[in-house]
Protein chains: 2
Amino acid sequence: METRELRYFVAVAEELHFGRAARRLGIAQPPLSRAIRQLERRLGAALLERTSRTVNLTEAGLVLLREGRAALDAVEAADRRTRRAALAATGDPGLVLVTKAGASSELLSKLLDAYAAEPEAVTVDVLLCGPGEQERLLRDGRADVALLHRPFDTTAGFDTEELCTESQVVVLPAGHPLTGRTHVQMADVTDLPDLPMPRWPGPDGMYPDGPGPQVRDHTQLLQLIALGRASAIAPESCRAQLRDDLAAVPVLDAPMVTTVIAWPPHSRSRAVAGLVQTATRL
Amino acid sequence: METRELRYFVAVAEELHFGRAARRLGIAQPPLSRAIRQLERRLGAALLERTSRTVNLTEAGLVLLREGRAALDAVEAADRRTRRAALAATGDPGLVLVTKAGASSELLSKLLDAYAAEPEAVTVDVLLCGPGEQERLLRDGRADVALLHRPFDTTAGFDTEELCTESQVVVLPAGHPLTGRTHVQMADVTDLPDLPMPRWPGPDGMYPDGPGPQVRDHTQLLQLIALGRASAIAPESCRAQLRDDLAAVPVLDAPMVTTVIAWPPHSRSRAVAGLVQTATRL
DNA sequence: GAGATCGATACCCGTGCGGTATCGCTGCCC
DNA sequence: GGGCAGCGATACCGCACGGGTATCGATCTC
């Protein structure tokens, strides 16, 4: 199976529309139809159920979509990391560390300072991204190492080391009645009728159904909370960066959040190893 | 980057010889040379240092070899799993479980029995393989789930659940003086001059340098121990399948061995999930 | 210095990918 | 209900690119 075929199939599977997929791929529709047919013939498996009006994934197509995305990420990672390795020969290789925008900057800055003091330290570029994007960046080679937050982020497929664990707080508008409490329980805050939990986009960019406003990043979220339109559970360390119009109350029975440093299992370069080692010593 | 290019490069990188690599790939040498040159041009990176007599990997080439293998495995896995999913529609999908030949069969048979009793159980094919091969089978889709033994097997890149932990014993020929002891220390057995530890092949099929006989599987190993030519450290559960001409003595300070069930992180099918759940309940 | 070995180059051929034009089917709407 | 619009499939064409053979240039060996 060639990566071209995989790219074509993934495009069609995501669009569920040959014309749009072809436009996205920058080719015409007929060669795309042919390529998919040929892929199906070679696999001996129907991937799509097409009527002349609609396209739908079969069970096998669903599997190939999932596995194919992972495979394409791996190929892309091989490409990117090779290019980086080649540049490394003629200059500073550097590392790219990715973490969630809005996550605790205290741990990160401590880590960067400590690592910079190491004798064989290389430059570390920090990349901030929205929730759920880090895993992708790590898998396709755009980043070398990530700070993830369990249980929110999935660490599946990566090597990890635990760095620290913290409890969580509920973030509320400054004047809210609950802000007088010294602590609350999950049950007190999960179903506040006027302050629903926001909805984050899934890995496919779509929002799950349900109540609560849609948010894309932490700035939006904090704004919504300040406006009295939402509330949120967040790691305790977020208190350091709370605005004046927000308040935080510890949630005793909320799950603990563990910050881990994660890296792709196959590419343990010396630079990554050094950074990880520094991190575990913090 | 196309998988064809990756396959070509990996072949050359492994053979370090264009002629042999071309023969292995079933093509002539000139197109192979051209393909590699083109790959290097597109990546903007030298992958191989060639003189007219020898070929060697550059730093970037080493990276591409490592990453490229992983990517090719992922592509192959996508292929295989899609084919399997298509067959599943017209019959029993089934699971393939891989474990080391010679590993404890007690845990495995308990697991298989317990899982078979589940209402939605599918057939499980058991695949036995040599040490170090399981990870490969799991990564390239020939197996769905594996029983691995930490710290011997690397679980990097997989999701795992711990099943059980056991101590280790040293396996010796039946008449050996140490067999009278009730227990020994690592120091007592690591450097027995007449009974060296055997050497296992690495992932590349090559044997590391050093003393000790080369072995490929457990039968060979046991045979060598019985002949008084080797000794070995092994999990306690191996005692159940020891031959009469062998004896085992507990090694108090040997590292504990943990048996884990492992599966590829992206392909958590319902069948795999069921098997894992059954395993954790044992 | 002759020969062997190995990678690179030159050149040719055929497959296969991509393009345009068009068909056949289906749902929609006046 | 018939015309129309939208979609995927098919037919056909041209060319780029992958693969083959022949050969060269360099280097190691005896």
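Throughout, a chain's letter reflects where its sequence line sits, starting with A, and its residues are numbered from 1. Just the heavy atoms: all of them, side chains too, but no hydrogens, waters or symmetry mates, feed the values below. Please read all numbers here as calculations on a predicted model, not as lab measurements.
- Comparing the axis of the opening five pairs of the helix from C:dG1-D:dC30 to C:dC30-D:dG1 with that of the closing five pairs yields an angle of 20°, rounded to 10°.
- Contact record, A:L32 with A:A22: CD2-N, 3.5 Å, taken as the closest heavy-atom pair.
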At a cut-off of 3.5 Å, list every protein nitrogen or oxygen paired with a nitrogen or oxygen from nucleotides 27-30 of chain C, distance to 0.1 Å.
none

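- For A:R7 and A:E76, the salt-bridge test fails: no basic side-chain N is under 4.0 Å from an acidic carboxylate O.
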Requested in this report: Give the C-alpha distance, both sets of side-chain angles, the deciding distance and a yes or no for salt bridge (Lys or Arg N to Asp or Glu O under 4.0 Å) between A:E15 and A:R23.
Outcome: CA-CA 11 Å; A:E15 300 283 352; A:R23 233 171 300 134; over 6 Å; no
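- Sorted by first and then second residue, the salt bridge (charged side-chain N to carboxylate O under 4.0 Å, His left out) pairs involving residues 44-57 of chain B (not counting sequence neighbours) are B:E40-B:R50.
- Note: CD (A:E15) to C1' (D:dG8) measures 16 Å, nearest angstrom.
- OP1 and OP2 of D:dG8 both lie 4.0 Å or more from every side-chain N or O belonging to A:S33.
- Atom C1' of nucleotide D:dA9 and atom NE2 of A:H17 are separated by 14 Å, given to the nearest angstrom.
- Atom CZ of B:R20 and atom P of C:dC6 are 7 Å apart (whole Å).
- Under the rule for a side chain to side chain contact (heavy atoms under 4.5 Å, CB included), the partners of A:A70 that lie at least two apart in sequence or sit in another chain are B:H266.
- The distance from atom CZ of B:F18 to atom P of C:dT9 is 11 Å, rounded to the nearest whole Å.
- With rounding to whole Å, B:R41 atom CZ is found 12 Å from D:dC17 atom C1'.
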Sub-3.5 Å pairs of nitrogen or oxygen atoms, protein against nucleotides 17-24 of chain C:
residue : atom : partner : partner atom : Å
C:dC17  : OP1  : A:R4    : NH2          : 3.4
C:dC17  : O5'  : A:R4    : NH2          : 3.4
C:dG18  : OP1  : A:Y8    : OH           : 2.7
C:dG18  : N7   : A:R34   : NH2          : 2.4
C:dG18  : O6   : A:R34   : NH1          : 3.3
C:dG19  : OP2  : A:A28   : N            : 2.7

Kindly list each side-chain donor-acceptor pair under 3.5 angstrom involving residues 128-139 of chain A, sequence neighbours excluded, with atom names and distances?
residue : atom : partner : partner atom : Å
A:Q134  : NE2  : A:L147  : O            : 2.9
A:E135  : OE2  : A:T154  : N            : 3.1
A:R136  : NE   : A:D73   : OD1          : 3.1
A:R136  : NE   : A:D73   : OD2          : 3.2
A:R136  : NH2  : A:D73   : OD1          : 2.8
A:R139  : NH1  : A:D73   : OD2          : 2.7

Requested in this report: In sequence, state the C-alpha distance, the side-chain angles, and the governing distance for B:V272 and B:V276, and then conclude on side chain to side chain contact (heavy atoms under 4.5 Å, CB included).
Outcome: CA-CA 6 Å; B:V272 169; B:V276 169; 4.1 Å; yes
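- Under a cut-off of 6.0 angstrom, the local environment of CZ in B:R80 is crowded, with over 12 non-hydrogen atoms contributed by other residues, nucleotides or ligands.
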Query raised in the report: Given the rule in the side chain to side chain contact (heavy atoms under 4.5 Å, CB included) test, do B:L97 and B:D144 qualify, once you have shown the distances and angles that lead to the verdict?
Result: CA-CA 6 Å; B:L97 182 150; B:D144 302 301; over 6 Å; no
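- Taking a cutoff of 4.0 Å between a charged side-chain nitrogen and a carboxylate oxygen, A:R4 and B:E2 do not qualify as a salt bridge.
- Here D:dG20 presents its P atom at 11 Å from CG of B:L25, a figure rounded to the nearest Å.
- In this structure, A:L16 places its CG atom 13 Å from P of D:dC7, rounding to the nearest Å.
- Between B:R50 and D:dA26 there is no side-chain N or O to OP1 or OP2 distance below 4.0 Å.
- More than 12 heavy atoms of other residues, nucleotides or ligands lie within 6.0 Å of CZ in B:R199, so this atom counts as buried by the packing criterion.
- A straight line from CD of B:E5 to P of D:dC17 spans 12 Å, rounded to a whole angstrom.
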